[in-house]
Number of protein chains: 2
Amino acid sequence: MTLADHATAATRSGRRADAERNRAAIIAAAGEVFAECGGGVDVREIARRSGVGMGTLYRHFPTKDELLATVLELQFNAWLTDAHQQAVATEDPWQALVGFFEQLLDNQADNRAVVESYATTGGPSESCVQRCYSLIDQVRTRCVDAGVLRTGVTTEDLFLLSGSLSQAVLTTADSHPGTWRRLLRISLDGLSSRNTEPLPEPDSAATDRALPRPAPSEMIAG
Amino acid sequence: MTLADHATAATRSGRRADAERNRAAIIAAAGEVFAECGGGVDVREIARRSGVGMGTLYRHFPTKDELLATVLELQFNAWLTDAHQQAVATEDPWQALVGFFEQLLDNQADNRAVVESYATTGGPSESCVQRCYSLIDQVRTRCVDAGVLRTGVTTEDLFLLSGSLSQAVLTTADSHPGTWRRLLRISLDGLSSRNTEPLPEPDSAATDRALPRPAPSEMIAG
DNA sequence: GAACAACAGGAGCAGGTGCTCCGCTTGATG
DNA sequence: CATCAAGCGGAGCACCTGCTCCTGTTGTTC
């Protein structure tokens, strides 16, 4: 690496080379530690594993939450991109839906922090939630058009179901690895258009309070 | 109340009357607070709400965990007894299964601590887990005998499913109250004997189908 | 190589929480 | 009513954890 390269690298990010290295090390270590222990882990553990002092860590990320959000967003977006590509590449609509769930749960099976954020809020940030919602809606619409999805199943149903199964993956990972595939299969069969009985109506109170989540059509346009 | 009665009451429990009152107040307050806030709540809040000092609280329960365990076991056993009676009283086997899930989720919808313990370990204590397992197995066997349950569904499947749905109830309680009924319906339809395809084996293909997830360090390229 | 700004590091601070200690109070007893 | 052990209350201790401060160091520039 030439001196010019060093200079360029430093200028691009506005940071010194060692700072850049440390930032990468922190993100890498935080990714591992959060995945293993969840978001509640001690920040000192991350500093230790990245070979960096507390001061350095907090220079790069002003709060623990911001570090967690950064890491989660990286991991989540990487998954979303994969999931989107896979869904597009799968011709059969129902298989696209099945593949979405399987990839989600496979991916989350060893990442506590991601499951925590996904199962409780749908993702690390509002934009991630929207992307996820939009992806699910695309897959759902294809299934509806093909007539393979149970009548009345909403994007929100699929979203909440994926969160619920995510939790199940995590809590059964140690004692019953792989059992989540059975629960997934059961749920998927319940989602098939073979089931003709209508689903119970969601609480009217819920629809009234339905907040910031834009209608699926709006998300596709954007 | 005669003096003898006082003496008897004190002797029976080995405690003074005021101590007995305080113990009851602590359990009652702890039940509410744990239900509202979960097991992570500050012990001071329980002491405050029960109108008792910290010393008194810790005189009756040597640790917070023991208090939590006591309360959870009381609540859990009360639910188990109800659930058992209801199951026995329901003649139709499938309705007994449906009723079990509905009662469980209705009951847990407003109790954070119970869900936490149920979803992660199946209950506050090993004996509770066993009672719960046993109840599920009774209902399951009736459904199997009646030919209404999908072939291959195990007691463990139903147990894990109930834990998963419990989590869903809790995480959607605020934003989407009542939506869990839709997820429950979907799951129950997937459990019906209408579904003839076999479920995946418990320990099959769990590892070889796992997709490699990019390490955080690979994701920050650029 | 010299000068300097950016950076590293870890001891220490602040706030929160489980739990204890000990002087004061009260119910049971004769 | 007097006695006193059982019981009570809450200030305080110990530990954990997010975060900061400040001194010494290192990368970058000329």
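Within every chain, numbering begins at 1; the chains are lettered A, B, ... in the order of the sequence lines, protein sequences first and strands thereafter. Computed from a predicted structure; not experimentally measured.
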What residue among A:V115, A:D110, A:L165 forms side-chain contact (heavy atoms from CB on, under 4.5 Å) with A:L170?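 The passing option is A:V115.
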Nearest-angstrom distance from the residue atom [atom1] of [X] to [atom2] of [N]:
X     : N      : atom1 : atom2 : answer
B:H60 : D:dA6  : NE2   : P     : 14 Å
A:D42 : C:dG10 : CG    : P     : 15 Å
A:K64 : C:dG15 : NZ    : P     : 19 Å
B:N22 : C:dT26 : CG    : C1'   : 12 Å
B:R16 : D:dT3  : CZ    : C1'   : 13 Å
B:R49 : D:dG9  : CZ    : P     : 18 Å
B:R48 : C:dG18 : CZ    : P     : 12 Å
A:R23 : C:dA8  : CZ    : P     : 12 Å

Can you check side-chain hydrogen bond (donor to acceptor under 3.5 Å, both in side chains) on B:D137 and B:S134, steps first, answer last? CA-CA 5 Å; B:D137 194 58; B:S134 155; over 6 Å; no
Among the candidates [options], find the nucleotide nearest to the side-chain atoms of [X].
X     : options                : value
A:A19 : D:dG18, C:dG18, C:dC7  : C:dC7
B:M54 : D:dT28, C:dA8, D:dA11  : D:dA11
B:Y58 : C:dC19, D:dG18, D:dT28 : C:dC19

Side-chain donor/acceptor of [X] to base of [N], under 3.5 Å:
X     : N      : answer
B:R59 : D:dG10 : no
B:R44 : D:dG9  : no
B:R15 : D:dG7  : no

Exactly one of B:Y133, B:F101, B:F100 should register a ring-ring contact (aromatic ring centres under 6.0 Å, His included) with B:F159. Which one does?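 Result: among B:Y133, B:F101, B:F100, B:Y133 is the only option passing the ring-ring contact (aromatic ring centres under 6.0 Å, His included) with B:F159.
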Between A:D106 and A:R181 (salt bridge meaning N to carboxylate O under 4.0 Å), is one present in this structure?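 A salt bridge is present here (some side-chain N lies under 4.0 Å from a carboxylate O).
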Quick one: on DNA chain C, does B:V43 or A:T56 contact a more 5' nucleotide (nearest heavy atom)?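 This one resolves to A:T56.
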Indicate the ring-plane relationship of A:Y118 and A:W79, choosing parallel, tilted or perpendicular according to the 30° and 60° boundaries.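 Aromatic pair A:Y118/A:W79 classed perpendicular.
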